[in-house]
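Step one of this worksheet: look at the structure below.
Computed over heavy atoms, backbone and side chain alike; hydrogens, waters and symmetry mates excluded.
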Amino acid sequence: LRGYLEEEFPVRTAFWLNLEYHRFPLFPLFDVAKADTTYLFAYGFGLEARTEFADASLVFAWPRNGRWNDGKLHLLLAKGL
């Protein structure tokens with residue numbers, strides 16, 4: 001769940017959904033999750049770069065009710081086949 005620390009929720013069951021709108025290189029995103037009985041939300045934006053060699057995204061995300069300095073930075077790299 002982007003916007004939170006990786007091991008912030010030690011739960012037995014979890015379900016999450018990531019929504020992104022990739023019409024332009026700069027895109028909005030929204031994440032929602034259910035961790036045991038708690039619902040969590042995060043929001044942010046990403047910047048995407050695609051090449052023939054690989055795809056890269058730089059994502060900035062914040063937890064619900066988070067302040068500016070609570071945001072997390074995620075770098076995603078994907079190599080095509």
Side-chain angles (χ1 to χ4, degrees):
L1 185 62
R2 296 169 293 191
Y4 293 90
L5 296 175
E6 188 171 323
E7 296 182 13
E8 191 167 342
F9 309 104
V11 296
R12 296 179 62 82
T13 60
F15 173 80
W16 64 91
L17 176 69
N18 305 106
L19 299 172
E20 301 174 355
Y21 184 67
H22 285 265
R23 182 160 172 108
F24 302 105
L26 183 66
F27 59 91
L29 60 94
F30 180 75
D31 295 346
V32 61
K34 182 179 180 190
D36 283 340
T37 59
T38 305
Y39 285 93
L40 306 162
F41 304 93
Y43 60 91
F45 64 92
L47 182 61
E48 184 174 50
R50 293 180 179 256
T51 67
E52 291 181 16
F53 177 72
D55 298 338
S57 295
L58 187 62
V59 173
F60 301 94
W62 291 268
R64 182 179 68 167
N65 300 327
R67 297 175 307 202
W68 176 254
N69 59 351
D70 291 331
K72 308 295 183 285
L73 178 66
H74 303 270
L75 177 61
L76 308 162
L77 301 172
K79 174 78 170 108
L81 297 175

For A14, side chain to side chain contact (heavy atoms under 4.5 Å, CB included) partners two or more places apart: V11, W16
What side-chain donor-acceptor pairs closer than 3.5 Å can you find for residues 32-46, not counting sequence neighbours?
| residue | atom | partner | partner atom | Å |
| --- | --- | --- | --- | --- |
| D36 | OD1 | R12 | N | 3.3 |
| D36 | OD1 | T13 | N | 3.3 |
| D36 | OD1 | T13 | OG1 | 3.4 |

Partner residues of H22 under the side-chain hydrogen bond (donor to acceptor under 3.5 Å, both in side chains) criterion, sequence neighbours left out: E20, E48
With D70 via side-chain hydrogen bond (donor to acceptor under 3.5 Å, both in side chains) - residues at least two apart: none
Co-members of the apolar cluster containing Y21 [side chain, <4.5 Å]: none
Heavy-atom pair with the smallest gap, counting every atom of G3 and P63: O-CD, 3.1 Å
Geometric cation-pi criterion, K79 with F53: 6.0 Å, 45°: yes
Other cluster members, F27 - Ile/Leu/Val/Met/Phe/Trp/Tyr, side-chain contacts below 4.5 Å: L29, V59, L76
Hphob cluster co-occupancy, L5 + L1, side-chain heavy atoms under 4.5 angstrom: no
Same cluster (ILVMFWY, side-chain, under 4.5 Å), L75 and W62: yes
Single-linkage hydrophobic cluster, 4.5 Å side-chain cutoff, W68 and Y4 together: no
